[in-house]
Structure formats: C-alpha cells, structure tokens
S.K.: 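Questions regarding the structure given below will be posed in turn.
Order of the sequence lines sets the chain letters (A, B, ...), proteins ahead of strands, with each chain counted from 1. Computed from a predicted model, the values in this text were never measured in an experiment.
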Amino acid sequence: MKLLTHNFLTSNIIKGVTKGYPLQIMAEKVDVKEVEFNPDFVTKMLPKIDWSALIKAAKDVGHGDGLPEAVIENPESNEEFLKAAHNALMQVEVIEGKLVCPESQREFPINNGIPNMLLNEDEV
Amino acid sequence: MIEIQSQLSERAIELLRLPDEPCLVLDVGCGSGLSGECLTEQGHYWIGVDISSHMLDVAVERETEGDLLLGDMGYGMPFRPGTFDGIISISALQWLCNADKSYHKPPKRLLKFFSTLYACVRRGARAVFQLYPENPEQVSEIFLDAPIIRNGANIVFGLILDLELITQQAMKAGWTGGLVVDYPNSTKAKKMFLCLFAGGQAQALPKGLGTETSNTRPTQVSFSDKRERMKAKHPKKSRDWILEKKERRRRQGR
C-alpha cells in the first residue's frame with residue numbers, strides 16, 4: 001500500500017463510523033520501491049492530498065524525514081519539494097502491518113502490500 | 001482470453017474520456033491487473049479493488065503499477081470524496097446482482113456500491129462498466145432517464161444480469177448516463193458498457209461501435225477527436241511500443 005492510497009482511504013463504510021479518517025498505520029514491514037518521477041501527476045494530486053495525514057503516515061512508517069511540514073507556495077516550480085512528495089506518496093510502501101480505524105478501533109490487516117478492507121455482515 | 005480482456009479494457013478507457021494528463025483511476029474488480037496495465041500504458045495511475053485475494057496476489061506477482069485493496073463492492077468503496085478522475089470496471093458489476101450469501105440483498109448492495117462510488121469520484125467524471133452481453137435478445141440502448149421495462153432477469157454464464165435493477169440503483173445514487181452497445185447486431189462482437197456520469201455538465205452518451213452513423217448527433221464530434229488522439233500513440237506490440245515499454249521498465253529498475 002502506497003501512502004497515496006492511504007491518504008484517500010477511509011473506514012466510513014463501517015456502520016456507525018462517520019469520518020473514519022485518517023486510518024492509523026501500524027507497519028511491520030515497509031519497502032521503498034522506485035517509481036518513475038512524474039511532476040505533472042504529483043502537482044495534480046497535491047490539492048487533493050491531506051498533507052497533515054501524509055506527514056503523520058510517513059512518520060509512522062519511518063520515512064518522514066525530508067518531508068516539509070506544509071505544502072509550500074508554488075509547489076509546481078520546486079522540483080525538490082515535488083520529489084520529496086513523490087517519494088512519500090508513490091515510493092514508500094507498507095508491505096505488512098495493519099490499519100486502525102480512528103473511531104471504532106477496527107483493524108484492517110495489510111498482507112503482501114494489500115490492505116484487507118473486507119467487513120463482516122454485522123458491520124455494514 | 002487476455003487479448004479479449006485488454007481489448008475490453010482499452011474500449012472502456014476510451015469511453016472514460018479522461019483528460020489528456022495523468023489521472024488517478026479506480027479499477028473495480030481489478031483481478032490480476034490486466035485492465036490496470038492498459039491504464040498504465042496510457043500514462044494514468046490506478047488503485048484496484050478486488051474481492052479475490054488470490055487474484056490480487058497474482059497482480060502483485062506480475063508487478064502491476066497500481067496499488068491494490070482487498071474489498072467487497074457491495075460493502076461500499078472506502079475512499080474520501082472526489083478522489084478519482086474516473087472509474088473503470090471490466091466484467092465485475094454483474095457479480096453484485098448475485099446473492100452469494102443468504103444475507104446478501106442485491107438491491108441494497110448495488111445502492112451502497114453506487115452511492116459510495118458517486119462520492120469518491122470527481123464531479124463530471126465518468127464510470128464505465130463492461131458487462132457480459134446478455135442472451136438472447138438485446139435492446140440496443142437503454143437510457144437511465146427512460147429505462148425500458150423488462151421482464152425479470154436474464155441468466156448469463158451462470159450470473160444473473162438484471163440491467164433494470166442496476167440502472168435503477170445507479171440512478172438513485174445520483175448517476176446519469178446509460179448503456180453503450182458496440183456491434184449490437186453481431187452475436188460475437190457485441191460488447192456492452194454501462195457508461196455513467198457523475199454530475200457536472202450534461203453529457204451525450206457515446207454511440208456504440210458498429211451502429212448506424214446516420215443519426216449521430218453533432219455533440220459527439222469531440223468523442224471522435226479522442227479516438228484519433230489515441231490512435232496516434234504507438235500501436236500495441238509494435239516495435240516502438242515495445243521499446244517504449246522496455247525503456248519505462250528499465251527506468252524503474254526492473
């Protein structure tokens with residue numbers, strides 16, 4: 001699971017959970033996989049990204065260094081910033097661990113890099 | 001089979017009419033990532049959801065570029081509002097018409113799916129679902145604002161495809177659009193795509209391939225532009241295409 005995906009993921013499909021965001025990451029195995037840098041895509045994603053959730057997620061998985069505390073002004077013209085965002089969003093991957101719903105404490109296991117978001121019938 | 005899958009995916013992506021820039025797309029029922037690979041080839045990024053952990057493991061093994069989630073469409077799509085620029089789904093939607101478990105209620109599951117899907121897509125974006133053509137007779141077009149009343153469901157490949165129920169629940173969730181049928185008069189080449197729009201400006205439904213062109217409305221000119229643009233890219237399996245793919249994979253260190 002990339003942190004880009006984590007940034008968009010909620011647990012509000014559980015009955016009774018209203019926001020379910022951000023999910024807390026409890027990582028056991030984290031990998032950094034090289035992904036081609038695409039400044040256009042990163043720039044396009046920035047307005048949609050919840051930056052504080054990204055910072056927390058990156059720190060939780062031990063890759064928070066070098067990531068600015070806030071989105072800078074005119075990020076599209078600052079390659080250094082875009083590369084830091086690209087690394088956090090696209091290259092850092094949680095391979096094993098779990099996600100925890102901030103409201104219900106429900107846990108979603110992550111195996112082989114794939115979060116298991118399946119629910120039980122009484123949770124929907 | 002793989003060839004057919006990628007043909008279906010390419011047509012579905014074409015119907016998606018994504019803007020000419022890298023987009024984030026949700027692939028519902030992504031399986032081993034065949035449809036996602038077509039998105040990657042066109043320079044887009046994707047997140048795939050599937051209910052089969054086995055298929056997702058195959059996708060991981062094949063090193064597809066998309067990120068993967070294990071999830072059940074009928075329980076809703078767990079994403080923040082406005083996340084995606086488009087949604088694609090190949091041969092997955094009819095599974096929602098099935099009651100695999102005794103407590104499964106297809107109408108409820110379809111509505112949950114369509115409403116959470118509507119929430120997580122950008123306004124004005126499209127969702128394209130490829131469906132198995134049903135037998136024996138097929139209506140050529142169904143519009144959501146004037147659904148055709150049909151007698152019950154049709155059995156297809158052991159799956160029940162209830163178009164009326166699907167379109168009803170999609171409409172309830174706020175979607176507009178309808179069914180695009182390619183080559184409706186051919187039993188072999190016929191392909192069906194449910195093409196849905198999430199708000200925004202009123203959009204004309206694209207015409208199916210191999211249908212009469214005499215009644216094509218001028219609003220569809222922009223659609224044919226897109227086809228030309230896509231043709232301009234290197235054709236699949238050509239020398240340039242292979243070189244481009246090799247170079248891309250090399251840059252990624254694979």
Side-chain angles (χ1 to χ4, degrees), chain A residues 1-15 17 19-23 31-50 53 86 89-95 99 101 106 108-124, chain B residues 19-24 26 40 43-53 55-61 63 65-85 101-105 108-109 112-113 115-116 119-120 122 247-254:
Chain A
M1 181 194 66
K2 296 183 199 297
L3 297 188
L4 174 78
T5 305
H6 169 263
N7 206 270
F8 291 128
L9 208 54
T10 83
S11 56
N12 65 3
I13 53 171
I14 304 175
K15 188 162 68 182
V17 171
K19 200 161 166 246
Y21 189 87
L23 296 166
D31 227 350
V32 179
K33 292 184 183 166
E34 200 180 320
V35 175
E36 194 181 339
F37 176 53
N38 184 338
D40 292 343
F41 182 67
V42 178
T43 307
K44 187 178 158 171
M45 282 298 115
L46 281 178
K48 289 193 202 177
I49 297 294
D50 184 322
H86 166 75
L89 289 168
M90 308 298 292
Q91 305 202 130
V92 176
E93 285 197 34
V94 183
I95 308 297
L99 296 168
C101 166
R106 161 72 144 95
F108 300 94
I110 304 171
N111 298 312
N112 196 19
I114 306 167
N116 178 346
M117 303 302 288
L118 291 173
L119 301 175
N120 298 317
E121 186 58 20
D122 57 0
E123 293 174 305
V124 290
Chain B
D20 201 4
E21 56 186 26
C23 292
L24 185 62
L26 175 65
T40 304
H44 300 301
Y45 295 81
W46 54 280
I47 296 176
V49 179
D50 205 283
I51 198 170
S52 160
S53 58
M55 291 297 268
L56 292 173
D57 285 339
V58 175
V60 171
E61 212 156 281
E63 298 184 332
E65 308 286 325
D67 222 7
L68 307 163
L69 290 182
L70 182 62
D72 181 346
M73 306 159 74
Y75 289 157
M77 292 289 110
F79 299 100
R80 279 204 281 136
T83 297
F84 298 103
D85 300 302
K101 306 263 166 59
S102 59
Y103 49 77
H104 278 180
K105 293 185 184 69
K108 189 184 153 199
R109 286 167 56 78
K112 179 87 182 182
F113 171 65
S115 48
T116 52
C120 74
R122 170 179 71 69
E247 176 57 28
R248 192 169 66 237
R249 304 292 276 190
R250 199 172 293 130
R251 273 200 303 270
Q252 291 162 353
R254 287 180 178 150

S.K.: Quick check on B/Ile47 against chain A: is it the side chain, the backbone, both or neither that has a heavy atom closer than 4.5 Å?
M.R.: side chain

S.K.: If you draw a 6.0 Å radius around CD in B/Glu61, do more than 12 non-hydrogen atoms from other residues or ligands fall strictly inside?
M.R.: no

S.K.: Tell me, out of A/Lys19, A/Lys44, A/Glu123, who's got the most heavy-atom pairs with chain B below 4.5 Å.
M.R.: A/Lys44

S.K.: Over all heavy atoms of both residues, which pair between B/Gly76 and A/Ile13 is shortest? Give the atoms and the distance, please.
M.R.: C-CG2, 3.8 Å

S.K.: Please rank A/Val35, A/Asp50, A/Asn116, A/Ile114 by heavy-atom pairs under 4.5 Å with chain B and give me the top one.
M.R.: A/Ile114

S.K.: If I measure from the heavy atoms of chain A, does B/Cys23 come under 4.5 Å with its side chain, its backbone, both, or neither?
M.R.: both

S.K.: Run the side-chain contact (heavy atoms from CB on, under 4.5 Å) check on A/Val124 and B/Asp72 step by step: do they pass?
M.R.: CA-CA 11 Å; A/Val124 290; B/Asp72 181 346; over 6 Å; no

S.K.: Return the CG to CG distance between B/Leu70 and A/Asn112, rounded to the nearest 0.5 Å.
M.R.: 11.5 Å

S.K.: Measuring from B/Phe79:CZ to A/Thr10:OG1, what's the distance to the nearest 0.5 Å?
M.R.: 8.5 Å

S.K.: Is a side-chain N or O of B/Asp67 found less than 3.5 angstrom from the main chain of A/Thr5, in a donor-acceptor match?
M.R.: no

S.K.: Taking the side chain from B/Arg80 and the backbone from A/Asn7, do they hold a donor-acceptor pair closer than 3.5 Å?
M.R.: yes

S.K.: Nearest 0.5 angstrom please: B/Met77 CE to A/Asn12 CG, how far?
M.R.: 12.0 Å

S.K.: For the CZ atom of B/Arg251 and the CD atom of A/Glu34, what is their distance to the nearest 0.5 Å?
M.R.: 10.5 Å

S.K.: Over 60° means perpendicular and under 30° means parallel, so tell me whether A/Phe41 and B/Tyr45 are parallel, tilted or perpendicular.
M.R.: parallel

S.K.: Is it the backbone or the side chain of A/Lys48 that comes under 4.5 Å from a heavy atom of chain B, or both, or neither?
M.R.: both

S.K.: Tell me, for A/Ile110 versus chain B, whether the close heavy atoms (under 4.5 Å) come from the side chain, the backbone, both or neither.
M.R.: neither

S.K.: To the nearest 0.5 angstrom, please state how far the CG atom of B/Leu56 sits from the CG atom of A/Asn111.
M.R.: 11.5 Å

S.K.: Roughly how far, to the nearest 0.5 Å, is CE of A/Met117 from OH of B/Tyr75?
M.R.: 13.5 Å

S.K.: Considering only heavy atoms from C-beta outward, does the side chain of A/Met45 approach that of B/Leu24 to under 4.5 Å?
M.R.: yes

S.K.: Can you give me the closest heavy-atom contact between A/Leu9 and B/Pro78, atom names plus distance?
M.R.: CD1-O, 3.3 Å

S.K.: What part of A/Ile49 lies closer than 4.5 angstrom to a heavy atom of chain B: side chain, backbone, both or neither?
M.R.: backbone

S.K.: Does any heavy atom of chain A fall under 4.5 Å from the side chain of B/Lys112, the backbone, both, or neither of them?
M.R.: side chain

S.K.: Looking at A/Glu36, A/Glu121, A/Glu93, A/Lys2, which makes the most heavy-atom pairs under 4.5 Å with chain B?
M.R.: A/Glu121

